[in-house]
Amino acid sequence: MRTRIFLLGVVSVLVLSLPRTAQLEVPTHLKADDNFTLSKVTDGVYAAIAKSGGLASGNAGFVVGSEGVLLVDTFFTPTAVEDLLETIASETKQPIKYAINTHYHLDHTGGNQVLTARSVPIIGHENLIAWQTTKNRRFLPATEELQKRRSDAAKQLSEIPADQADKRTTLERQLKRFDAMLAIKLTNPTVTFGSGTLHLFLGSTEVILFTLPGHTGGDILAYVPSANVVFTGDMGGRKTLPNLVDATVNDWIPSLDQLLSKYPTAQFVPGHGAVATAAEIREFRDYLFDLRARVQQARADGLSLEQAKQQLKLPDKYKAFAFQNFATPNVEDMYKELVGTKAK
Ligand SMILES: [Zn+2]
């Protein structure tokens with residue numbers, strides 16, 4: 001203890017005595033804790049809530065049992081999941097026994113390679129074997145393209161004078177993001193199932209995995225009975241608009257009704273947004289229901305897809321949701337689903 005106090009003293013003297021410029025060399029925005037916020041849901045159950053603009057992009061979480069840890073999702077980049085593994089190691093000495101991928105989207109599977117390198121089994125829906133390394137190309141530009149964007153950003157940065165700190169910060173952030181994306185190697189799960197339930201035991205702590213259709217057709221959720229917590233992946237969101245690129249809303253609404261009737265008092269760790277109550281998951285479900293009703297009405301009124309995209313405005317009650325950029329694509333995806341022209 002005496003050594004630690006002594007060291008702290010030395011560190012603070014060092015920090016205080018650093019010249020101003022040297023302190024600025026470690027900008028706070030580049031610190032690891034900018035990727036996610038750790039939130040303790042209840043004893044042994046944690047949510048890692050992605051921070052906007054960081055390298056996590058989607059939420060993850062973990063369950064600490066009496067014998068081992070379950071990791072739920074691997075974020076968008078290896079860098080971000082490495083940060084999370086460090087955080088887990090500071091909370092518990094238990095090893096990571098299993099990881100799961102709630103669905104294939106890159107913001108939930110981009111760090112898979114870090115887990116396979118540690119020989120941790122990754123459990124996912126059986127459709128991920130076909131989708132993880134193929135469909136994710138839409139979220140991950142080719143290496144040459146990323147390298148080009150990186151060198152463009154590096155060139156711009158070299159031309160910006162030191163006194164324009166904001167511009168430099170933005171570009172430094174972009175460079176860090178490109179580097180993190182260049183490190184991604186699309187990696188499949190190693191254990192899959194397609195229906196029913198899978199029971200994992202972390203010593204005496206049980207976690208039940210199950211599937212529900214709606215968001216991608218390859219989603220799994222995790223329920224921790226002893227804690228009454230559900231990890232929903234992107235099947236659930238808290239005050240966020242969803243990405244409907246792979247969705248079947250006609251399946252999704254009944255799936256959420258089923259989830260809410262089965263777990264009416266649970267806490268929910270969603271794929272995006274903070275830890276949610278059942279009422280907040282219902283609000284997300286109601287967004288999907290309203291969207292479908294508005295698009296059905298537009299079709300009944302004879303609106304074309306283009307007219308619907310222009311005329312349907314997001315209702316005021318959803319204007320504070322994150323990802324407002326999805327509002328118009330949501331109309332388009334919903335319209336195509338109803339007409340039957342949505343690409344599978
Ligand atoms: Zn996501």
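Computed from a predicted model, the values in this text were never measured in an experiment.
Residues Ser57 and Arg177 form a side-chain contact, since some pair of their non-hydrogen atoms from C-beta on lies under 4.5 Å apart. Counting heavy atoms from C-beta outward, Phe268 and Phe284 have side chains that stay 4.5 Å or more apart. Contact of the His199 side chain with the Val207 side chain is not registered, since no non-hydrogen atoms from C-beta on lie closer than 4.5 Å. Inter-residue side-chain proximity for Pro270 and Met235 is flagged as unmet; no heavy-atom pair is nearer than 4.5 Å. The shortest side-chain heavy-atom distance between Asp73 and Asn59 does not fall under the 4.5 Å cut-off.
Side-chain atoms of Thr187 come within 3.5 Å of backbone atoms of Lys185 as a donor-acceptor pair (strictly under, hydrogens ignored). A side-chain donor-acceptor contact under 3.5 Å links Gln113 to the backbone of Ala183. A donor-acceptor pair under 3.5 Å is absent between the side-chain atoms of Gln310 and the main chain of Gln307, judged by distance alone.
Screening residues 219-238 for ring pair (Phe, Tyr, Trp, His ring centres under 6.0 Å), with sequence neighbours left out, gives Tyr223-Tyr263.
Ser261 pairs by the side chain to side chain donor-acceptor pair (under 3.5 Å) definition with nothing, not counting sequence neighbours. Annotation: salt bridge (charged side-chain N to carboxylate O under 4.0 Å, His left out) contacts of Lys313 (sequence neighbours excluded): none. With sequence neighbours left out, Thr216 forms a side chain to side chain donor-acceptor pair (under 3.5 Å) with Asp219. Remark: Tyr335 pairs with no residue by the side chain to side chain donor-acceptor pair (under 3.5 Å) rule, at least two apart or across chains. Partners of Arg137 according to the side-chain contact (heavy atoms from CB on, under 4.5 Å) rule, which considers only residues two or more places apart in sequence or in another chain, are Leu186.
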Verify ring-ring contact (aromatic ring centres under 6.0 Å, His included) between Phe321 and Phe326, making sure each step is shown before the conclusion.
CA-CA 10 Å; Phe321 277 31; Phe326 281 136; over 10 Å; no
Test log, rule ring-ring contact (aromatic ring centres under 6.0 Å, His included), inputs His272 and Phe323:
CA-CA 10 Å; His272 298 274; Phe323 307 135; 5.3 Å; yes
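Classified by interplanar angle (parallel below 30°, tilted 30° to 60°, perpendicular above 60°), the ring pair His103/His108 is tilted. Aromatic ring orientation, Tyr287 versus Tyr318: perpendicular (interplanar angle above 60°, classes split at 30° and 60°).
For Asn325, the CG atom counts as densely surrounded, since its 6.0 Å shell holds more than 12 non-hydrogen atoms of other residues, nucleotides or ligands.
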